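Accompanying notes for the structure given below.
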Amino acid sequence: TDDRLAITERLFNRRAYEACRAWALPLWTKGVQRKKLGYFLGKIGSERLRDDYVGAEKYLKAASHRDGPFALQALSSYGIVLSKLSKHNHAIATFNKWLTRYGTSAKTSRVVEAHYDRGRALHKAGLSKQAARELGAYLSRHPRGYDSAKYWWFVGWWQYLGDDKKAAVRTRKPLLKRRNPLEGGQARYW
């Protein structure tokens, strides 16, 4: 069993996702180290091959348990999967849990990503203004240590979709000079 688990992890790290899933599923069925296997199976089904969001929900839920070896990564992936399954309120609650657990100890780039993913869940739930307000407030308090322009772009986008066009223009104005077409180009277009 330990050999099979080691092979599963090696296959995942080598991006041999179908083979990894084939090795991992019999272990999962037997109930072997589900908190570890759930991470691999959930990532494969949701973010690597994007072919099993329902399974990924189940796998990542197990992997996101506080004492799971990949809990930090699994919990945020679990929130993303919930949002893809249109379980937006549950996704928002999952990101709230992630921020409570890891918001002060994780690297700034991971925390910003969690705030962004939470904002996406809020936006998909029809709360674009709230998504913009909350992500913008976090970015204002933490101006360094990550690529802030792409996140500010989304703040402006959600303001625009939330029918606050003046705020969207103000938010995107600093992005207009950026050479990156996904930041400056998009800001100029909108």
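In this text, all values refer to a predicted model and were calculated from it rather than measured experimentally.
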Verify same cluster id: [X], [Y] (apolar side-chain graph, 4.5 Å):
X: Leu25; Y: Leu11; value: no
X: Val81; Y: Phe95; value: no
X: Leu135; Y: Ile80; value: no
X: Leu82; Y: Leu127; value: no
X: Leu122; Y: Leu139; value: no

So [X] and [Y], would you call those rings parallel, tilted or perpendicular, with 30° and 60° as cut-offs?
X: Phe154; Y: Trp158; answer: tilted
X: Trp153; Y: Trp157; answer: parallel
X: Tyr59; Y: Trp28; answer: perpendicular
X: His90; Y: Tyr78; answer: perpendicular

Salt-bridged, [X] to [Y], with N to O below 4.0 Å?
X: Asp163; Y: Lys165; result: yes
X: Lys35; Y: Asp67; result: yes
X: Arg110; Y: Asp117; result: no

[X], [atom1]: over 12 other non-hydrogen atoms inside 6.0 angstrom:
X: Lys124; atom1: NZ; result: yes
X: Tyr17; atom1: OH; result: yes
X: Asn13; atom1: CG; result: yes

Quick one: are [X] and [Y] in side-chain contact, heavy atoms under 4.5 Å?
X: Arg15; Y: Arg48; answer: no
X: Lys150; Y: Asp147; answer: yes
X: Arg133; Y: Gln159; answer: no

Find the distance between [atom1] ([X]) and [atom2] ([Y]) and round it off to the nearest 0.5 Å.
X: Arg4; Y: Ile7; atom1: CZ; atom2: CD1; value: 7.5 Å
X: His115; Y: Trp98; atom1: NE2; atom2: CH2; value: 8.0 Å
X: Leu99; Y: Arg118; atom1: CG; atom2: CZ; value: 7.0 Å
X: Leu41; Y: Cys20; atom1: CG; atom2: SG; value: 6.5 Å
X: Tyr39; Y: Ser77; atom1: OH; atom2: OG; value: 6.0 Å
X: Leu75; Y: Arg66; atom1: CG; atom2: CZ; value: 9.5 Å

I want to check a possible cation-pi pair here: Lys43 against Phe12, using under 6.0 Å from ring centre and within 45° of the ring axis as the test.
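So Lys43 doesn't make the cation-pi contact.
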On a heavy-atom basis, which atom in [X] and which in [Y] lie closest, and how many Å separate them?
X: Lys129; Y: Gly162; answer: CE-O, 2.6 Å
X: Ser128; Y: Leu161; answer: OG-CB, 4.1 Å
X: Leu5; Y: Leu27; answer: N-CD1, 3.9 Å
X: Ser46; Y: Ala56; answer: CB-CB, 3.7 Å
X: Leu72; Y: Ala106; answer: CD1-CB, 4.1 Å
X: Ile92; Y: Ala125; answer: CD1-CB, 4.4 Å

Using the ring pair (Phe, Tyr, Trp, His ring centres under 6.0 Å) rule, take Tyr138 and Tyr151 through it: C-alpha gap first, then chi angles, then the decisive distance, then the call.
CA-CA 10 Å; Tyr138 178 80; Tyr151 297 107; 9.3 Å; no
Distance-only donor-acceptor check, side chains Glu113 and Ser76, under 3.5 Å:
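There is no such pair (donor and acceptor under 3.5 Å, judged by atom type) between the side chains of Glu113 and Ser76.
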Verify side chain to side chain contact (heavy atoms under 4.5 Å, CB included) between Arg172 and Gln186, making sure each step is shown before the conclusion.
CA-CA 9 Å; Arg172 291 206 174 148; Gln186 290 277 349; over 6 Å; no
Start with the C-alpha distance between Glu57 and Tyr53, add both sets of side-chain angles, then the distance that settles side chain to side chain contact (heavy atoms under 4.5 Å, CB included), and finish with yes or no.
CA-CA 6 Å; Glu57 178 184 10; Tyr53 292 119; over 6 Å; no
With side chain to side chain contact (heavy atoms under 4.5 Å, CB included) as the test, would you mind laying out the steps for Trp152 and Ser140 before giving the verdict?
CA-CA 10 Å; Trp152 278 111; Ser140 294; 3.5 Å; yes
